[in-house]
Amino acid sequence: LHMVSHASALTISALAYYYTRKNADDARFSFGTGKVNSLAAFASAVLLFVFALFMAWESIKRFIVPVSIEFNQAIFVAVLGFTVNALCMIILRAGNEHNGASRYHNHSGHENHRHSHDRLKDHNLLSAYLHVMADALTSFLAIFALLAGKYLGYVWMDPLMGVAGALLVARWSIGLIRMTSRILLDFQCAEDIKRRIKKAIEDESDNRITDLHIWSVGTGIYAAEIAIVTSVPLHPEHYRALLPEKELGLVHVMVEVHPCTTDDVRAH
């Protein structure tokens, strides 16, 4: 059941990548397919949390009703599992770092490169990494507990390490659920991005932003709606050119420009 849960999660991740790439240019997706990966990561995180509950339940049961353990076989399987999962962690970590150079396409045809380290994390790839890390962790804890049980007679270490592993896995899964749900529920972006956009627009002339909405449409990429009042209205493209779109990961930007007297703008 443990391995099936992880195989299912990795299958979800693989299918998400396939679907995202296949439909990258599908105009029916208003803001692209970036949220598909976040949705897959959210599903994997929920599966990971359920797995943590299962680990905790089975461990608590073994406190109450101890079972006999085939130490040699169990240690061999745990060492083998840890080795395989450690290798997978190295591969996925390298993939996540390489993904920092990835590009997102929007429907206008241009590419946006992401440069901020905080925005390089692909939630789908991160969910796969966490599943493998959880697997490696449980294997490591199992090795420790089994050795203590075999050579020191501490059989209770087996369920104790199971509970400890379950708590760590649950913490990881909850963190991933929070990250992905912010994207899926169109949370506003970080305040730093909003400040930089305001500064870029309002540092010129007497421009003032009266309405600003910025939300994630994928990992590290954003859509924005900006309403500007100014005494000397210019074409919206002029204000878009003021924004560091590539640096901030802005892939869809809508600008509204409203004329206003200088006195009114300053009073606002």
Side-chain angles (χ1 to χ4, degrees), residues 1-55 77 80-107 111-114 117-140 165-166 168-185 216-221 249 251:
L1 288 177
H2 178 182
M3 297 307 299
V4 165
S5 70
H6 289 296
S8 300
L10 295 176
T11 300
I12 291 173
S13 296
L15 291 176
Y17 282 125
Y18 172 77
Y19 186 86
T20 299
R21 291 170 180 173
K22 181 180 179 182
N23 296 279
D25 298 320
D26 192 334
R28 293 178 298 176
F29 293 91
S30 298
F31 297 105
T33 55
K35 285 191 177 183
V36 173
N37 285 337
S38 296
L39 180 61
F42 180 85
S44 294
V46 172
L47 185 62
L48 190 63
F49 184 75
V50 172
F51 163 63
L53 294 179
F54 174 77
M55 282 180 60
V77 172
L80 180 62
F82 178 78
T83 302
V84 172
N85 283 291
L87 178 61
C88 291
M89 284 174 59
I90 293 173
I91 295 173
L92 289 173
R93 185 176 182 84
N96 200 26
E97 291 175 352
H98 174 72
N99 187 65
S102 65
R103 298 166 179 171
Y104 284 86
H105 296 260
N106 64 22
H107 296 321
E111 297 174 344
N112 282 277
H113 298 254
R114 297 173 297 163
H117 177 72
D118 292 338
R119 300 201 304 275
L120 295 185
K121 290 188 179 297
D122 181 335
H123 288 161
N124 193 32
L125 192 60
L126 179 60
S127 71
Y129 180 79
L130 287 180
H131 273 275
V132 174
M133 180 183 287
D135 212 358
L137 173 66
T138 53
S139 296
F140 176 79
L168 288 176
V169 172
R171 182 179 178 182
W172 291 338
S173 62
I174 291 173
L176 186 56
I177 287 173
R178 286 176 176 172
M179 282 192 293
T180 54
S181 62
R182 287 177 177 273
I183 293 179
L184 296 175
L185 296 176
S216 296
V217 293
T219 306
I221 54 176
V251 294

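Position 1 is the first residue of the sequence; numbering continues from there.
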Participant: Answer yes or no: is there a side-chain heavy-atom contact under 4.5 Å between F31 and V251?
Facilitator: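 Side-chain contact under 4.5 Å: no.
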
Participant: Supply the atom-to-atom distance L48 CG to L53 CG, rounded to the nearest 0.5 angstrom.
Facilitator: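 These two atoms lie 10.0 Å from each other.
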
Participant: Mind listing the closest non-hydrogen atom pair of M133 and M89 along with its distance?
Facilitator: CA-SD, 3.8 Å

Participant: If the condition is side chain to side chain contact (heavy atoms under 4.5 Å, CB included), which residues does F140 pass it with, not counting sequence neighbours?
Facilitator: F82

Participant: Using every non-hydrogen atom in the two residues, find where C88 and V132 come nearest and quote the distance to one decimal.
Facilitator: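 For C88 and V132, the tightest heavy-atom pair comes out as CB-CG1, 3.6 Å.
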
Participant: Looking only at non-hydrogen atoms, find the nearest pair between A128 and S13 and report the distance.
Facilitator: CB-OG, 4.0 Å

Participant: What are the two closest heavy atoms between V169 and A134, and how far apart are they?
Facilitator: CG2-CB, 3.6 Å

Participant: If you measure from CG on L92 to CG on L130, what distance do you get to the nearest 0.5 Å?
Facilitator: 10.0 Å

Participant: Sequence neighbours left out, cut at 3.5 Å: what donor-acceptor pairs do the side chains of residues 175-185 make with other protein atoms?
Facilitator:
unit_1	atom_1	unit_2	atom_2	d
T180	OG1	L176	O	2.9
T180	OG1	I177	O	3.2
S181	OG	I177	O	2.9
S181	OG	R178	O	3.0

Participant: For residues 35-47, which residue pairs pass the salt bridge (charged side-chain N to carboxylate O under 4.0 Å, His left out) check, not counting sequence neighbours?
Facilitator: K35-D186

Participant: Please tell me if the side chains of W172 and L137 come closer than 4.5 Å, counting only heavy atoms from C-beta onward.
Facilitator: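 Yes, close enough: below the 4.5 Å cut-off.
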
Participant: S216: which residues meet the side-chain hydrogen bond (donor to acceptor under 3.5 Å, both in side chains) condition with it, sequence neighbours left out?
Facilitator: none

Participant: Mind listing the closest non-hydrogen atom pair of A166 and M55 along with its distance?
Facilitator: N-CE, 3.5 Å

Participant: Looking at V36 and A16, what are the two nearest heavy atoms and their distance?
Facilitator: CG1-O, 4.0 Å

Participant: Quick one: list whatever passes side-chain hydrogen bond (donor to acceptor under 3.5 Å, both in side chains) with T20, sequence neighbours left out.
Facilitator: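 If we apply the side-chain hydrogen bond (donor to acceptor under 3.5 Å, both in side chains) test to T20, skipping adjacent residues, the hits are N37.
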
Participant: If the condition is side chain to side chain contact (heavy atoms under 4.5 Å, CB included), which residues does Y18 pass it with, not counting sequence neighbours?
Facilitator: K22

Participant: Would you compute the distance between atom OG1 of T138 and atom CZ of F51 and round it to the nearest 0.5 angstrom?
Facilitator: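 Spacing of OG1 (T138) from CZ (F51) equals 5.0 Å.
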
